[in-house]
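Here is the structure we will look at.
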Amino acid sequence: MAEQAANRPRLAWLKPRFTIRGLLWMTALVAALFPASWFVWFLLLNASTAWGTHAVLATAVLLAIAAAVALSRDGATRAFWSGFAAVGFVYFLLVVCNIAAHGGGGGGYVFDREKLVTEQWNQWVYREYVMPKLMPMPGMRGGYNVGPGSPAWEDFEQVADSLWTLLFACGGGLVSLVIWTTGPPRPARGADNGQS
């Protein structure tokens, strides 16, 4: 009976209830999305080799910290950060690091990251919003010169992939948290489970 009472609060947040506190939290979340989206856009439009290198490094460090938090905590905290780290590392290794690009010696693709929706989205955003700012090179048909303040495609892609990694990692953390919450009840830590 004590075990059921201890695990009951885990399911409480899944039941939708209208409260003033919940309304204030949702308002704060929506208000935070505007500066966050502006900051993401700022990062993408000002991408450079140094910026991209720091973005990849910061993403890798954040994923490592998430794994350390998942190992050192328990309960809902462990559930969220383990999902964050697992999904983030998979996307980071396959897309950002591109470790599975070529098969062993055959030359064929094991994992073609260019076919991903995220990569298609990156290319579309670059083509629609960054390319018009690039200056056509004189004497070259279809050639573009990166103007001052305009990011090169490689730098733009590196920053965008780092941001996609963090977005998917957050999604993985939330899915892991829902799986943990809806799972079977667990005994409290340190309980003897009725065995003496």
Side-chain angles (χ1 to χ4, degrees), residues 4-48 50-93 95-96 116-122 124-126 128-130 149 151 155-186 188-189:
Q4 290 175 343
N7 287 309
R8 195 170 293 132
R10 291 175 40 208
L11 297 175
W13 72 278
L14 288 177
K15 297 176 186 172
R17 290 182 302 163
F18 178 78
T19 62
I20 298 298
R21 180 180 177 187
L23 180 64
L24 291 174
W25 274 111
M26 286 305 291
T27 305
L29 179 67
V30 170
L33 288 177
F34 289 107
S37 60
W38 177 86
F39 183 66
V40 165
W41 192 243
F42 174 78
L43 288 175
L44 290 172
L45 289 182
N46 293 300
S48 64
W51 203 257
T53 303
H54 287 93
V56 170
L57 178 63
T59 303
V61 168
L62 187 59
L63 292 172
I65 290 171
V69 170
L71 290 172
S72 64
R73 304 294 174 141
D74 61 352
T77 305
R78 171 178 274 181
F80 176 82
W81 290 109
S82 62
F84 184 97
V87 173
F89 271 125
V90 168
Y91 191 85
F92 186 79
L93 292 175
V95 177
V96 179
L116 289 175
V117 174
T118 56
E119 293 300 309
Q120 298 295 321
W121 181 260
N122 291 348
W124 180 81
V125 169
Y126 190 79
E128 293 296 319
Y129 294 101
V130 178
D155 301 330
F156 180 89
E157 184 182 32
Q158 196 172 25
V159 172
D161 286 340
S162 296
L163 293 169
W164 281 116
T165 301
L166 296 177
L167 183 66
F168 283 122
C170 287
L174 291 174
V175 168
S176 179
L177 185 60
V178 168
I179 291 170
W180 177 84
T181 303
T182 58
R186 293 165 187 82
R189 192 173 195 161

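None of the values given here were measured: they were computed from a predicted structure. By convention here, the first residue in the shown sequence is residue 1.
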Main-chain N/O of Arg73 paired to Arg78 side chain as donor or acceptor, under 3.5 Å:
yes

Determine yes or no for a side-chain-to-main-chain donor-acceptor pair under 3.5 angstrom, with Ser72 supplying the side chain and Ala68 the backbone.
yes

Report yes if the side chains of Leu163 and Leu44 come closer than 4.5 Å at any heavy-atom pair, otherwise no.
yes

Any side-chain heavy atom of Tyr129 sitting closer than 4.5 Å to one from Trp124?
yes

Name all pairs fulfilling the salt bridge (Lys or Arg N to Asp or Glu O under 4.0 Å) condition that reach into residues 159-184, sequence neighbours left out, sorted by first residue then second.
Arg113-Asp161

Closest non-hydrogen atoms of Phe84 and Ala66, given as atom of the first, atom of the second and distance, are CD2-CB, 3.4 Å

So, do Asn122 and Glu119 sit near enough that their side-chain heavy atoms are less than 4.5 Å apart?
yes

So which heavy atom on Gln158 is nearest to which on Thr53, and how close?
OE1-N, 3.9 Å

Could you tabulate the donor-acceptor pairs under 3.5 Å formed by side-chain atoms of residues 57-64, not counting sequence neighbours?
| unit_1 | atom_1 | unit_2 | atom_2 | d |
| --- | --- | --- | --- | --- |
| Thr59 | OG1 | Ala55 | O | 2.7 |

Between Phe168 and Tyr91, what is the ring plane arrangement, given parallel below 30°, perpendicular above 60°, and tilted in between?
tilted

Partner set under ring-ring contact (aromatic ring centres under 6.0 Å, His included) for Phe92, not counting sequence neighbours:
none

State, to 0.1 Å, how close Ala67 and Phe89 come at their nearest heavy-atom pair, and which atoms those are.
CB-CE1, 4.3 Å

Taking C-beta and beyond as the side chain, do Phe156 and Val125 meet within less than 4.5 Å on heavy atoms?
yes

Rounded to the nearest 0.5 Å, what's the gap from CG on Leu177 to OG on Ser82? Could you check?
9.5 Å

Would you mind reporting whether Phe80 and Ser176 have side-chain heavy atoms less than 4.5 Å apart?
no

